[in-house]
Student: 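The structure is given below, and queries will be raised subsequently.
Atoms within a ligand are numbered from 1 in the order they appear, just like the ligands themselves. Values reported hereafter were calculated over all heavy atoms of this structure, with side chains retained and with hydrogens, waters and symmetry mates removed.
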Amino acid sequence: MAQYVNKRIFVSDLTPGLEIGKAVVTEEGTVVLTEGSILTPSLIERLRQWGILTVYIRKEQDTVSAPESGAPNIQRLFADQYEGIVAGVRKSFETMRYFKEVPLEQLKELAEASVEVLSDAIGALNHLQLVKRQDDYTYRHSLNVAVITGVLGRWLGYYGMEMKNLILAGLLHDVGKTQIPLEVLNKPGKLSPDEMELMKKHTTRGYNMLRELPGITQGVLYGVLQHHERMDASGYPIGVPGEKIHPYAKIIAVADIYDAMTSNRAYQKSVSPFDVVQMLTQEMFNKLDPEICAVFLNNVRDYFVGNIVELSDGRNAEVLYIAQFVGARPIVRTADGEFIDLEKRKDLTIVNVLKT
Ligand SMILES: [Fe+2]
């Protein structure tokens, strides 16, 4: 008689007809699919919408290489998938730099088939924190912005083709940087005023690279052109006011700032997601769309409860609670059992996220 084992696989790799090997449970503990359910196209789509990244599938023993053991490591699965997509982004961006061609179909496929899966994963923003690396900054930043744009888009109620186009706009937002000389793009240290002006051209150059392509939507074009425009008309390339900025560009602007600030770069020390939330609240409210900011901040706050963080006095602590108002500092419990309300202890800050 055939022996059966459960094998953990990505929801993106599921095909109709497979049998669920273990009940699928959401983060909140709700069972959404019972053991023995046979997958249909609509069930697979629903798993994606629920934000489930992987499930156990029942398979005959001899069709799998080895039984799975130990607890699943969702973060590792996320990281593996992420690295594969970075390689695809690198290839596409290098084609644009060296061959002056835009492989739009490949980029669309990456955005639709792969990036959206990462965006839908429960804890996507936390996982992104753990795949940060110094190399390949432009490619990683493009992918991160696409994932964050997808997460934010979902919180804002985007779905279907709108969501796919929004994620594509996030992936392509800095595509014009492939037309900026590498010595300026990768310069460690401050750019000269002339170099800064050249760098700012990545918005219009990106727009020009894409605008003639068949099948590109206005939203994607304006997301690329306007992601550095600001509500108070202080942005570039034109300096248009908020009402003339496309919603995609406003969403990408928030994702772009969040990722740039939480990434390690040679010339700019990264700050923790908590500091970014503070910064977005205090300094960017007149520059970024307040509604988009509020949705982002409110949801991000929920994300960080349970994280293990490092405090500025060197102690590790768990985030227990973050108040409802945007920009609030959390209550934490240190490893030695002390409860600290960071709203009252302004001398202490969170300097690093150690575990999510
Ligand atoms: Fe940019």
Student: Vertex the Fe ion (ligand 1): angle to NE2 of His202 and NE2 of His228, to 10°?
Tutor: 90°

Student: If the Fe ion (ligand 1) is the vertex, what is the angle to OD1 of Asp174 and NE2 of His227, rounded to 10 degrees?
Tutor: 90°

Student: His227 and side chain to side chain donor-acceptor pair (under 3.5 Å): which single residue from Asp174, Thr149, Thr203 fits?
Tutor: Asp174

Student: For Glu291, I'd like to know if atom CD has over 12 heavy atoms of other residues, nucleotides or ligands within 6.0 Å.
Tutor: no

Student: Any ion pair linking Asp313 and Arg315 (charged N to carboxylate O, less than 4.0 Å)?
Tutor: yes

Student: Is there an N/O/S atom in His173 that lies less than 2.8 Å from the Fe ion (ligand 1)?
Tutor: no

Student: I'd like to know if the Fe ion (ligand 1) has an N/O/S atom from Asp256 within less than 2.8 Å of it, counting both backbone and side-chain atoms.
Tutor: no

Student: Do His202 and His228 pass the side chain to side chain contact (heavy atoms under 4.5 Å, CB included) test, and can you show the C-alpha distance, the side-chain angles, and the key distance before you say yes or no?
Tutor: CA-CA 10 Å; His202 78 275; His228 289 286; 3.2 Å; yes

